[in-house]
Amino acid sequence: MSSEQRRVSQDIESLVHPYTNLDTHLHKGPLIMERGEGVYVFDDQGRRYLEGMSGLWCASLGFSEPRLVEAATRQLSKLPYYQLFNSRSHGPAIDLSEKLLSIAPKSLGKVLYANSGSEANDAAVKLVWFYNNAMGRPEKKKIISRWRAYHGVTVAAASLTGLPANHQDFDLPIDRILHTDCPSYYHEARPGETEAQFTRRIVGNLEALILREGPETVAAFIAEPVNGSGGVIVPPQGYFEQVQALLKKHDILFIVDEVICGFGRTGNMFGSDTFDLEPDIMTVAKALSASYLPISATLVSQKVYDKVVERTRDLGVFAHGVTYSGHPVCAAVALETLKIYEERDIVGHVRAVAPHFQHRLRSLADHPLVGEARGVGLIGALEITRDKASKAPFDAQNNIAAVVQNKAADRGVLVRGIRNAVAISPPLIITKEQIDELFDGIAHGLDEALVVARQAELVQ
Ligand SMILES: Cc1ncc(COP(=O)(O)O)c(C=O)c1O
């Protein structure tokens, strides 16, 4: 047995793989990555792949940024761990909070740290509940999310997630979490409905839900500016403007989940800037540290924070936090990441290359398997359909999006099949030439998938 084969069987024997068909994995085994360089990763056979998903929408600066390694090493040798409980603090957490607030939407005034996007969203839910108790409104606790939303996997975050697989057999969602329409014109519009009519209808449905439940019971609404894991759903024109007016009218807090959109992905520092959002609470993770180390944050408005403070005066303590909240090494790496974004004008770079990315993406709309090409900035998706006119998807057993993913990987390009969509979200440092390489690989994947679909007589 070669050492690579031994690695594969050790993996199968010992690891539980997240978001994996665990049964298939037993005989298929893993794809093992060994190193990274710029936007590329290399597997244990020495094969090079352009990481068209930045891992999980997150490795914004690619896979070999020496400054982040140095920032981690510096902090590791100075103070490798300390905590923020009980008024203890340290420089990296203080500096990072100040820096984050200086670039975040003006509505936000304080930062609470955790390790993952899921935890940041759980913290958002708990803050909303705590806030409404402090406001003397114990019944105002329901949180509205959207179908197809992705907010993570911890108990509250998975409940907010609007994807059946995250609920089924996990006994979720928990109570007081509601779901409303997904703002996907492609998937959800009725025949003949214009985009404006569609938007009005689904915002009308949201208001009907609020009124049915009673506005005095609805505490918050949560949304990703662009939904990622639900298939890259870009909201229709006017959607957030109408939603925000509704939330204000009914005194409902707005939680904006910037875990994917935050730090340049949509062509502005935050998705909130791209779509004119005014969050009361905002969650970030992933590109906060360019994903070199795990760190997430829940940013809250001064209004919410002040009420939380007021209540802890009575309770004696704000009894929330995790051992690694604001971990100094993670915070130092995140701070260095934000400095790099600024010094290298990463948002400016995204704006410079995004038109080419979007042009190459949209050119694929003509492919026989593509029902829609959608995206903004450096995020996009191709909707895979077996019939463009009816928009009919392939059924789950004939997962053609996964075939596109696998065939593109054979060409050295990694993208992700998500049900009937192929998602693309490369490192923000990608160049125009690399964008061409990325889309050439995807086009190859589509052509090969078409051959497979035709051979199986799934399409004409
Ligand atoms: C929008 C969004 N929110 C939350 C999460 C959960 O983050 P994590 O996987 O770090 O818990 C994700 C993960 O992909 C996400 O895309």
Side-chain angles (χ1 to χ4, degrees), residues 16-20 51 53-60 112-126 143 145-163 165-167 170 172-173 177 179 182-184 220-235 240 254-266 270-272 274-275 277 279 281-299 322 324-325 327 330 333-334 337 375-381 415-419 421 423-425:
V16 179
H17 281 270
Y19 280 101
T20 296
E51 232 309 348
M53 277 299 291
S54 323
L56 292 171
W57 330 78
C58 57
S60 49
L112 171 67
Y113 293 105
N115 308 297
S116 64
S118 302
E119 287 168 284
N121 285 326
D122 267 46
V125 169
K126 287 179 71 181
I143 307 203
S145 181
R146 303 171 307 166
W147 294 116
R148 277 181 181 259
Y150 189 77
H151 298 296
V153 295
T154 45
V155 172
S159 297
L160 296 170
T161 290
L163 298 168
N166 293 95
H167 295 166
F170 288 111
L172 297 173
I177 306 279
H179 292 88
C182 164
S184 171
F221 174 82
I222 183 166
E224 302 154 79
V226 175
N227 158 302
S229 300
V232 184
I233 310 295
V234 184
F240 276 123
F254 189 14
I255 308 169
V256 178
D257 179 339
E258 293 264 9
V259 169
I260 284 181
C261 294
F263 310 104
R265 178 61 60 193
T266 63
F270 293 99
S272 292
T274 302
F275 296 99
L277 311 183
I281 298 180
M282 181 175 103
T283 54
V284 291
K286 297 191 189 275
L288 168 58
S289 62
S291 296
Y292 278 46
L293 284 174
I295 182 166
S296 66
T298 306
L299 285 76
V322 291
Y324 301 136
S325 293
H327 189 290
C330 305
V333 167
T337 302
V376 57
L378 281 183
I379 186 170
V415 289
R416 177 151 155 222
I418 305 179
R419 286 171 306 284
I424 310 148
S425 176

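Not measured: the values here are computed from a predicted model. Counting convention: from 1, in listed order, for ligands and their atoms alike.
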Engineer: His167 vs His179 aromatic rings, parallel, tilted or perpendicular, using cut-offs 30° and 60°?
Structural biologist: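 Tilted, since the angle between the ring planes falls between 30° and 60°.
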Engineer: What does the 4.0 Å heavy-atom contact list look like for ligand 1?
Structural biologist: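 Lining ligand 1 at under 4.0 Å, by heavy atoms, one finds Ser116, Gly117, Ser118, Asn121, Tyr150, His151, Gly152, Glu224, Asp257, Val259, Ile260, Lys286.
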Engineer: Of all heavy-atom pairs between Gly152 and Thr161, which one has the smallest distance, and what is that distance?
Structural biologist: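 Residues Gly152 and Thr161, closest heavy atoms: O-OG1, 3.1 Å.
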Engineer: Would you please name every residue forming a side chain to side chain donor-acceptor pair (under 3.5 Å) with Ser229, sequence neighbours left out?
Structural biologist: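 Counting only residues at least two positions away or on another chain, Ser229 forms no side chain to side chain donor-acceptor pair (under 3.5 Å).
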Engineer: Looking at residues at least two apart in the chain, or sitting in another chain, which of them share a ring-ring contact (aromatic ring centres under 6.0 Å, His included) with Tyr324?
Structural biologist: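 Tyr324 satisfies ring-ring contact (aromatic ring centres under 6.0 Å, His included) with His327 once adjacent residues are dropped.
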Engineer: How many angstroms lie between atom CD1 of Ile255 and atom CZ of Phe221, to the nearest 0.5 angstrom?
Structural biologist: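 CZ of Phe221 is found 10.0 Å from CD1 of Ile255.
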Engineer: Got a sec, which residues hit side chain to side chain donor-acceptor pair (under 3.5 Å) with His17, two or more places apart in sequence or on another chain?
Structural biologist: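 For His17 the side chain to side chain donor-acceptor pair (under 3.5 Å) partners, ignoring immediate neighbours, are Asp11, His25.
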